[in-house]
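Only one structure is covered here, and it is reproduced in the block below.
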Number of protein chains: 2
Amino acid sequence: MAEVSTRDRLIVEAMRLFCEQGYRATSVAQIEAAAGLAAGSGALYHHFKSKESLLEAGIDRQLDRRQAMRDISVLFRGVGDLRTELTLLGRYQLAVIDEERQLLGVAASTPAAQASRLNAAYGALIHGLSGDIVDLAKNWNPDLAEADAASIALVGVNALLGRRISVLLSGVESTVSDDSFLAEWTAMLACRIEAESGAADRTAS
Amino acid sequence: MAEVSTRDRLIVEAMRLFCEQGYRATSVAQIEAAAGLAAGSGALYHHFKSKESLLEAGIDRQLDRRQAMRDISVLFRGVGDLRTELTLLGRYQLAVIDEERQLLGVAASTPAAQASRLNAAYGALIHGLSGDIVDLAKNWNPDLAEADAASIALVGVNALLGRRISVLLSGVESTVSDDSFLAEWTAMLACRIEAESGAADRTAS
DNA sequence: GTCTATATAACGATAGAC
DNA sequence: GTCTATCGTTATATAGAC
């Protein structure tokens, strides 16, 4: 039961290497070696017809795992006050983004053939995360306009994404802990959610 | 005076292609063709000793341009109220990130040899943008603790970065305009800057 | 299914004519 | 400085033994 097939090992190691080095920079021989096969042997081609079809299988696998994590966010409903729920949701969404980290990393350097698939997957991710924040916001402040809730959610999601993608691009971990970051993130969103509707218009022309 | 040297054309086109396709996926022949030279001829090697030294020159060029944009943010001081200054600063910082877009794109898929240079450049960018927000925040609320100002700035910068890097990864422009995004971004930061110190601790344990 | 061996193509880089 | 031509290397992918 704990047996992992060679095919699965190839997918896992390939996505890891694609994320670290990029798709083009990762050779088939390197993937075979990482999966415990002889480097340079065509053993990989008995499981995938090409390097690109291996990437495709990796994308599909990630989308399956994403499906498994969906609709867990509703578990945070009614736990306590607005800030508690926001912090829990933020922590959950950071975990979701971590799960998608490889996919985001691979998306940065990918042949055009698979680009549309990755773009669609990325768009769906943003939409899902943003929607959860919108639901939470409107739940705690029914007077909040749909457009305002969407704006708050968009800035919130981008803040979480920016934090995770930053370390993805730089490879350097932030000096600020996730908890500290989420504390401020929570305070900012709560401050806006509690405000009356239309408050976002009080900016410079 | 409008004459652009072949060397400069090579740098510009190379960075554009590196950003779009990745470093490894871009061939020297492709760069030569984009610069108006015969594809496959070694003409590039009369200006750069290798493909990697061309990337290095591209990074140096970006760092020079960054230097030219520094210390412009102080021009926004004392324009009006907190929200006006925040919106102007946010708009300015989005422009700065746009200027660095290529460098961020190249950073996503780069050989280890140049990775440290890119990482240092990226870290300096974050630090500079964050520092400007901290200065503005403490200017409008002297009671704000240094740590709180830094937290607010970190979330703010990551929100801007997330928005720009999102379109960099997905290639799809957001349906929300920059002005609408900045309006909400401004409201969020202003809401937190105006709060008393220590308010960020009112989150879940 | 995995191996050795190899076909075929593309890439980075160099040499020399002009 | 730019070209044509080419070398050496590395990559993807295949053929056939075990």
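Here is how names work: the chains are called A, B, and so on, in the same order as the sequence lines, proteins then strands, and each is numbered from 1.
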For this session: Applying salt bridge (charged side-chain N to carboxylate O under 4.0 Å, His left out), name anything that partners B/Glu173, two or more places apart in sequence or on another chain.
Result: none
Seminar exercise, completed: For B/Arg65, the salt bridge (charged side-chain N to carboxylate O under 4.0 Å, His left out) test, sequence neighbours excluded, returns B/Glu99
Seminar exercise, completed: Sorted by chain and residue number, the salt bridge (charged side-chain N to carboxylate O under 4.0 Å, His left out) partners of B/Arg164 (sequence neighbours excluded) come out as B/Asp98, B/Asp178
Problem set entry | Which residues share a side chain to side chain contact (heavy atoms under 4.5 Å, CB included) with B/Ala43, sequence neighbours left out | B/Glu32, B/Leu37, B/Ser41
For this session: Not counting sequence neighbours, which residues clear side chain to side chain contact (heavy atoms under 4.5 Å, CB included) with A/Ala33? List them please.
Result: A/Ala39
Exercise. Mind checking what makes disulfide (SG to SG under 2.5 Å) contact with B/Cys191, not counting sequence neighbours?
Worked result: A/Cys191
Seminar exercise, completed: Heavy-atom contacts, protein to nucleotides 3-18 of chain D, under 4.0 Å, summarised as B (base), S (sugar-phosphate only) or - (none) per nt, yield SBB------SBB----
Exercise. Rounded to whole angstrom units, what separation is found between the CZ atom of A/Arg9 and the C1' atom of C/dT2?
Worked result: 12 Å
Problem set entry | salt bridge (charged side-chain N to carboxylate O under 4.0 Å, His left out) against B/Asp8, all qualifying residues, sequence neighbours excluded | none
For this session: Under 4.0 Å from any atom of DNA chain D, heavy atoms only: list the residues of residues 10-17 of chain B that qualify, in numerical order.
Result: none
Exercise. What integer distance in Å separates B/His47:NE2 from C/dG12:P?
Worked result: 17 Å
Exercise. Do B/Arg83 and B/Glu194 meet the salt-bridge criterion of a basic N to acidic O distance under 4.0 Å?
Worked result: yes
Exercise. Can you tell me how far C1' of C/dC11 sits from CD of B/Gln30, to the nearest Å?
Worked result: 12 Å
Seminar exercise, completed: Whole-Å distance, B/Glu32 CD to C/dT14 P, equals 13 Å
